[in-house]
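In listed order, ligands and their atoms are each counted from 1. Everything numeric in this text was worked out from a predicted model, so none of it was measured.
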Amino acid sequence: MSVSEVTQALIKCVNFAAEKHKDQRRKNPEKTPYINHPIGVAYILTNEANVTDLNILQAALLHDTVEDTETSFDEIEVAFGSEVRKIVEEVTDDKTLAKEVRKRLQIEHAPGSSYEAKLVKLADKLYNLRDLEISAPVGWSEQRVNEYFEWSKKVVEGLRGTNSALERSLDQIFLRRNILT
Ligand code: NDP
Ligand code: ZN
């Protein structure tokens, strides 16, 4: 693929994600536009993890589209190919399952995920925990915030050995929260 083809593919993907998430907001008190999150996850991958693989970056941009918007895996495959579809599938929770089950499955599935999916998951967790360090989502008690950090640590344990820069940043966050196990 030429540089212009890669550029076109990335902008097509940013635009697709922005259209899909256009009516969504983050849970912070400022209600930041949701699209800041997938773009930020992709930026963590290029800027901090040194990832330049197009499929991984597209999957990062699209990682919450199926879970949170009216988007199908088929639609993603048609627009971005089967490799991107596979990664997005791996990082998408099955919303027909109860929340507690989904949380448990994230912990259980983490170690067996592909390298590509592990990278997206690490960057996703890092972004969300940084958000939580800035401010708690509206309506969240301190206990709920703590539980989220503890659960994230368990998921991250299953993603280790993938990218040292991301794992180091996550470890610093867990250390700051005094989560040692
Ligand atoms: P949710 O899954 O409802 O919310 C967390 C998700 O919201 C993140 O993973 C992220 O997902 C998204 N998100 C949007 N905005 C933000 C933001 N500003 N900061 C961080 N994340 C944001 O929460 P959980 O159900 O996971 O609850 C966390 C923990 O709390 C769980 O372990 C659960 O057991 C517990 N809990 C406690 C309750 C209590 O009252 N004590 C009640 C319910 C749960 P994405 O990347 O997809 O955007
Ligand atoms: Zn996400």
Side-chain angles (χ1 to χ4, degrees), residues 13-14 16-49 51 56-71 73 76 80 84-85 87-110 113-114 116-159 162-163 166 169-170 173-174 176-179 181:
C13 193
V14 175
F16 181 99
E19 285 187 353
K20 292 296 187 179
H21 289 296
K22 70 180 166 46
D23 297 324
Q24 240 188 308
R25 294 289 180 274
R26 298 286 286 170
K27 294 172 178 170
N28 58 327
E30 294 83 4
K31 297 190 172 66
T32 302
Y34 193 86
I35 190 63
N36 283 49
H37 167 66
I39 292 176
V41 170
Y43 184 55
I44 285 174
L45 288 172
T46 57
N47 192 52
E48 299 179 47
V51 170
I56 298 174
L57 297 178
Q58 287 182 316
L61 290 165
L62 300 168
H63 81 272
D64 280 325
T65 54
V66 177
E67 203 170 292
D68 296 340
T69 76
E70 293 291 312
T71 306
F73 292 123
I76 288 182
F80 305 105
V84 175
R85 178 211 176 112
I87 305 168
V88 176
E89 267 182 326
E90 279 192 82
V91 301
T92 299
D93 283 357
D94 180 351
K95 275 211 158 167
T96 64
L97 302 173
K99 210 167 203 178
E100 308 75 60
V101 179
R102 280 166 22 206
K103 298 251 141 205
R104 179 169 53 76
L105 287 179
Q106 277 210 35
I107 299 170
E108 287 176 12
H109 289 166
S113 312
S114 67
E116 291 84 355
K118 281 180 178 168
L119 274 174
V120 174
K121 277 176 164 287
L122 282 169
D124 185 34
K125 289 284 173 285
L126 183 53
Y127 189 102
N128 283 333
L129 295 179
R130 282 175 175 165
D131 257 5
L132 281 184
E133 281 195 315
I134 296 166
S135 56
V138 176
W140 282 36
S141 63
E142 205 182 310
Q143 184 195 331
R144 184 162 180 184
V145 173
N146 278 336
E147 283 172 9
Y148 191 90
F149 275 96
E150 279 162 16
W151 166 74
S152 298
K153 174 90 188 327
K154 291 181 189 149
V155 179
V156 167
E157 285 310 310
L159 303 171
T162 304
N163 184 276
L166 300 189
S169 295
L170 283 157
I173 291 178
F174 296 131
R176 278 200 290 277
R177 299 292 299 196
N178 212 12
I179 301 170
T181 48

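Residue contacts with ligand 1: R144 is placed with a nitrogen or oxygen under 3.5 Å of a nitrogen or oxygen of the ligand (distance criterion only). The distance criterion of under 3.5 Å between nitrogen or oxygen atoms is not met by W151 with respect to ligand 1.
No side-chain donor from either of Q24 and T69 sits under 3.5 Å from a side-chain acceptor of the other.
Geometric assessment of K153 against the ring of F149 yields a negative cation-pi assignment under the 6.0 Å and 45° thresholds.
Between the choices L129, D68, N128, the shortest heavy-atom distance to atom 21 (N) of ligand 1 belongs to N128. The residue from H21, R26, Q143 that puts a heavy atom closest to atom 16 (C) of ligand 1 is R26. With atom 37 (C) of ligand 1 as the reference point, the heavy atom nearest to it among E133, Q106, E147 is part of E147.
Under 4.0 Å from ligand 1, the heavy atoms of W140 that appear belong solely to its side chain. When non-hydrogen atoms are compared, ligand 1 lies under 4.0 Å from the side chain of H37 (C-beta onward) but not from its backbone. In K99, the part holding a heavy atom less than 4.0 Å from any atom of ligand 1 is the side chain.
Taking every heavy atom of Y148 and a limit of under 4.0 angstrom, the matching atoms of ligand 1 come to 5 (C), 8 (C), 9 (O), 26 (O), 28 (C), 29 (C). For ligand 1 and D124, the ligand atoms under 4.0 Å from any heavy atom of the residue are 46 (O). Shown in contact with K103 at under 4.0 Å from a heavy atom are these atoms of ligand 1, numbered in order with element: 24 (P), 25 (O), 26 (O). Taking a cut-off of under 4.0 Å to the non-hydrogen atoms of Y34, the atoms of ligand 1 that pass are 45 (P), 47 (O), 48 (O). Of all the atoms in ligand 1, the ones that sit under 4.0 Å from a non-hydrogen atom of D64 are 45 (P), 46 (O), 47 (O), 48 (O).
Distance check, rounded to the nearest 0.5 Å: NZ of K125 to CD of Q106 gives 4.0 Å. A distance of 6.5 Å separates CG in L57 from OG1 in T46, rounded to the nearest 0.5 Å. Here I35 contributes atom CD1 and D64 contributes atom CG; the two are 9.5 Å apart, rounded to the nearest 0.5 Å. Atoms CD and CD1, from Q58 and I76 in turn, are 10.5 Å apart once rounded to the nearest 0.5 Å.
With hydrogens and angles ignored, the 3.5 Å screen pairs a side-chain donor or acceptor of D94 with a backbone N or O of T96.
The atom name of the N/O/S atom in H63 closest to the Zn ion (ligand 2) is NE2.
Taking the six-membered ring where tryptophan is involved, the planes of Y34 and H21 are tilted, since the angle between them lies from 30° to 60°.
Using a 4.0 Å cut-off between charged nitrogen and carboxylate oxygen, E147 and K99 do not count as a salt-bridge pair.
Nearest non-hydrogen protein atom to atom 15 (N) of ligand 1 is K27 N, 2.9 Å. The closest protein non-hydrogen atom to atom 19 (N) of ligand 1 is D131 CB, 3.5 Å.
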List the steps, then state whether salt bridge (charged side-chain N to carboxylate O under 4.0 Å, His left out) holds for R104 with E100. CA-CA 6 Å; R104 179 169 53 76; E100 308 75 60; over 6 Å; no
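Between the Zn ion (ligand 2) and D124 there is an N/O/S contact shorter than 2.8 Å.
Of the angles at the Zn ion (ligand 2), the one spanning NE2 of H37 and OD2 of D64 is 90° when given to 10°.
If you run side chain to side chain donor-acceptor pair (under 3.5 Å) between N28 and each of R26, E30, R25, only E30 comes through.
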